[in-house]
Protein chains: 2
Amino acid sequence: MTTATIHIASSAPAKAQPQPRCGLCSFNRLCLPQGLDEDAMHRLEQIISRRRKVQRDEQLFSMGQGFGSLYAVRLGHFKTAQVNQRGEQQITGFHMAGDLLGMEAIGTGQHSCSAVALEDSEVCEIPFGRLQELVAEVPELMHQFHRVMAREIQREQAVALFLGNMRAEQRLALMLTSLGARYAARGFSPASFQLRMSREDIGGYLGLTIESISRLLARFRKAGWISLNNRDLRILDLAGLQDLAAGRFAPECEAA
Amino acid sequence: MTTATIHIASSAPAKAQPQPRCGLCSFNRLCLPQGLDEDAMHRLEQIISRRRKVQRDEQLFSMGQGFGSLYAVRLGHFKTAQVNQRGEQQITGFHMAGDLLGMEAIGTGQHSCSAVALEDSEVCEIPFGRLQELVAEVPELMHQFHRVMAREIQREQAVALFLGNMRAEQRLALMLTSLGARYAARGFSPASFQLRMSREDIGGYLGLTIESISRLLARFRKAGWISLNNRDLRILDLAGLQDLAAGRFAPECEAA
DNA sequence: CGAGATCTTGATTTCAGTCAAAGCTGGTGG
DNA sequence: CCACCAGCTTTGACTGAAATCAAGATCTCG
């Protein structure tokens, strides 16, 4: 199996692979190293056991699996998903460079969701035990770790907010503008990017069916908010989308 | 205003009010002190600045307010809610003795939701700065703090799961059985308890309208799953409710 | 006791889901 | 190089679950 080949390559002896250098990573502002001085950052680099390549559709970790490490996305995109008893999956998030994965498992020692690469990707593996030791010694790292965890709580709350009381078109508009904002924070265009996930994943995230997603995207396109072919998205009217997401006016009201 | 009076009373000099004693609190297993030895627990007690009474409908903290402390519920019940642009509120959770409130604000320094007492309640205020100092010195406290934060992430994910892909009756069944389980963990009856929140709050939590809640409760009652008058709930058929929550069979299938 | 808040019930509407079919697209092999 | 196939996406017709609108009933508390 090709997967195995890749794994072997990625877990080659440390000498063959350069030690990850947080200081050189362009996403360190968004990640654990934020705010660390050079010495602290170096100590953090030391405990990152290795980089790991994860190819498209491969699982980084799976629901129920024992927890040992956190993973920082270096490159590529992931989705995290929970599966309920009947096999339907709720996508709990999409994750890009600088995001930290696996925190939900700290409490129980078992992952409560699985993480799957949406494209060929790469993560830094951070053994949690060693991170906790370091966190106790480096106050600024501890603060940042707590901020990152809290950010995750807030992100989940925001998901609950839109799942609980936004209409379908609001949810989608919010998702598109949020993705743009996240790309902007990483120095990419907020208005022009690829959707790395399938329509099905979008539906699973927003609590909607694939058909609804398709119809909504068509509607947005016709209204001139976006242009889209396949997965290449361009936001043409950000303010309009934001208004829609905020529910500031129903689309029908425009005619009046 | 009576609120003011209460506040003054609750912030009386420490001598007038006994220092909170985590060791004596019957909910410490569920809270930060879990797993601490006597010395560590004593140090934790030292930083708890005071107990604070919060009367019914009073806010413990509000959305946008600056963050300084976490709060452990000692007594009573709270709801946390986010309000969107149009004034609709999404209830993000119900909280009872042993639960920790305010963690979502660690990342930004501002509360992203407000917490309101559902009945006259009491909390332990834990200044976050001092907690962080102590956490760095007491590894077991650090571990427990991380577990508590991770538990919160998992809780929010579970909310997203049911808001995203469960039907109305499943959501309500899950909420009732979960409440029962939480009471059980606190040594109370899992099958017989008071709903401390209004129908409107239930609806706000489950992403449903008040009318739907009312109809569903009537349906559950007629089906013999529960008995209910006003807010006094008794779960008569836990297995049935759990099956319903898990979607193991549609209610219509019974006849067939 | 009475007024306002909370809760219940019924009739109707609507948004999104389901079912069904057809169109793309990108990868594979002849 | 092109044809074909499987999976993904779009579109349409219909259905259904929950929202909305509208009375009433009941509870709470001054």
Side-chain angles (χ1 to χ4, degrees), chain A residues 2 55-57 79 86 88-91 118-120 162-173 175 194-223 226-233 244 247 250-253, chain B residues 2 55-57 79 86 88-91 116 118-120 162-173 175 194-222 226-233 244 247 250-253:
Chain A
T2 50
Q55 52 175 27
R56 186 177 176 173
D57 293 329
K79 67 177 173 185
R86 287 211 306 300
E88 301 147 338
Q89 66 172 16
Q90 172 70 30
I91 308 289
L118 293 171
E119 61 188 322
D120 291 353
F162 74 65
L163 288 176
N165 58 33
M166 286 172 68
R167 297 235 311 288
E169 56 188 7
Q170 294 180 278
R171 298 185 202 179
L172 183 59
M175 171 175 166
Q194 258 217 343
L195 298 172
R196 322 287 164 135
M197 65 297 287
S198 67
R199 304 287 192 265
E200 189 169 5
D201 288 337
I202 299 176
Y205 180 59
L206 298 177
L208 301 170
T209 60
I210 185 173
E211 294 97 326
S212 293
I213 302 301
S214 197
R215 275 185 258 267
L216 286 166
L217 286 170
R219 184 129 59 95
F220 285 8
R221 197 164 17 186
K222 278 172 202 150
I226 62 171
S227 80
L228 176 71
N229 37 0
N230 301 327
R231 294 184 173 185
D232 294 317
L233 180 79
L244 186 58
E252 292 75 19
C253 298
Chain B
T2 49
Q55 54 176 26
R56 184 176 178 176
D57 293 329
K79 66 177 173 185
R86 288 212 306 300
E88 300 146 338
Q89 66 173 15
Q90 173 70 30
I91 308 290
V116 175
L118 293 171
E119 62 188 322
D120 291 354
F162 74 66
L163 287 176
N165 57 34
M166 286 172 68
R167 298 235 310 286
E169 55 188 5
Q170 294 179 279
R171 298 185 202 177
L172 183 58
M175 170 173 168
Q194 258 217 344
L195 297 171
R196 322 289 164 134
M197 66 296 286
S198 68
R199 304 289 192 265
E200 188 168 6
D201 288 335
I202 299 176
Y205 180 60
L206 298 178
L208 300 169
T209 59
I210 184 174
E211 294 97 327
S212 293
I213 302 300
S214 198
R215 275 186 258 270
L216 286 167
L217 286 171
R219 185 129 57 96
F220 285 8
R221 197 164 17 185
K222 277 173 203 150
I226 62 171
S227 80
L228 176 71
N229 40 357
N230 301 327
R231 295 184 174 185
D232 293 317
L233 179 78
L244 185 59
E252 291 75 18
C253 298

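A, B, ... follow the sequence lines: proteins, then strands. Residue 1 opens every chain. Nothing here was measured: the structure is a model prediction, and the numbers come from that model.
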Inset, instruction - Take atom CG of B/L172 and atom P of D/dA18, then tell me their distance rounded to the nearest Å. - result: 11 Å

Inset, instruction - Using side-chain contact (heavy atoms from CB on, under 4.5 Å) as the criterion, list what pairs up with A/S227, not counting sequence neighbours. - result: A/R234, A/L236

Inset, instruction - For the residue pair A/R215 and A/I210, establish whether any side-chain heavy-atom pair is separated by less than 4.5 Å. - result: no

Legend entry - 4.5 Å side-chain heavy-atom contact, A/L208 and A/E169: no

Inset, instruction - Write down the distance between CG (B/L163) and C1' (D/dA18), rounded to a whole number of angstrom. - result: 14 Å

Could you pull out every donor-acceptor pair under 3.5 Å between side chains of residues 197-207 of chain A and any protein atom, sequence neighbours left out?
residue: A/S198; atom: OG; partner: A/E200; partner atom: N; Å: 3.3
residue: A/S198; atom: OG; partner: A/D201; partner atom: N; Å: 3.0
residue: A/S198; atom: OG; partner: A/D201; partner atom: OD2; Å: 3.4
residue: A/R199; atom: NH2; partner: A/N230; partner atom: O; Å: 3.1
residue: A/D201; atom: OD1; partner: A/K79; partner atom: NZ; Å: 2.9

Legend entry - Interatomic spacing from CZ in A/R221 to CG in A/L233 - rounded to 0.5 Å: 10.0 Å

Inset, instruction - In whole angstrom, give the distance that lies between atom CG of A/D232 and atom P of C/dG26. - result: 10 Å

Inset, instruction - In whole angstrom, give the distance that lies between atom CG of B/L216 and atom C1' of D/dA18. - result: 9 Å

Inset, instruction - Look at the side chain of B/D120 and the backbone N and O of B/R56, then say whether any donor-acceptor pair between them is shorter than 3.5 Å. - result: yes

Inset, instruction - Starting at atom CG of B/N165, determine the distance to atom C1' of C/dA16, rounded to an integer number of angstrom. - result: 15 Å

Legend entry - Heavy-atom side-chain proximity of A/D57 to A/L118 below 4.5 angstrom: no

Legend entry - Distance, nearest 0.5 Å, that separates CZ of B/R219 from OG of B/S214: 12.0 Å

Inset, instruction - Provide, to the nearest angstrom, the distance between the CE atom belonging to A/M166 and the P atom belonging to C/dA16. - result: 11 Å

Legend entry - Residue mapping more 5' on DNA chain D - nearest nucleotide basis, B/L208 or B/R56: B/L208

Legend entry - Axial bend angle, the helix from C/dC1-D/dG30 to C/dG30-D/dC1: five-pair end segments, nearest 10°: 40°

Legend entry - Gap between atoms CG and P, on B/L206 and D/dA18 respectively (whole Å): 12 Å

Inset, instruction - Name all residues meeting the salt bridge (charged side-chain N to carboxylate O under 4.0 Å, His left out) criterion together with B/E119; count only those two or more places apart in sequence or in a different chain, and write none if there are none. - result: B/R196

Inset, instruction - For A/G207, answer base if it contacts any base atom (sugar-phosphate contacts may also be present), sugar-phosphate if it contacts only those atoms, and nothing otherwise; contact means non-hydrogen atoms under 4.0 Å. - result: sugar-phosphate

Inset, instruction - Scan nucleotides 6-13 of chain C nucleotide by nucleotide, 5' to 3', and note B when protein non-hydrogen atoms come under 4.0 Å of the base, S if they reach only the sugar-phosphate, - if neither. - result: -SBBBB--

Legend entry - B/D232: side-chain contact (heavy atoms from CB on, under 4.5 Å) partners, not counting sequence neighbours: B/Q194, B/N229

So which protein N/O to nucleotides 1-3 of chain C N/O distances come out below 3.5 Å?
none

Legend entry - Among C/dA16, C/dT18, D/dA17, the one nearest B/R167 by side-chain distance: D/dA17

Inset, instruction - Check whether any side-chain heavy atom of B/F220 lies under 4.5 Å from a side-chain heavy atom of B/L244, and answer yes or no. - result: yes

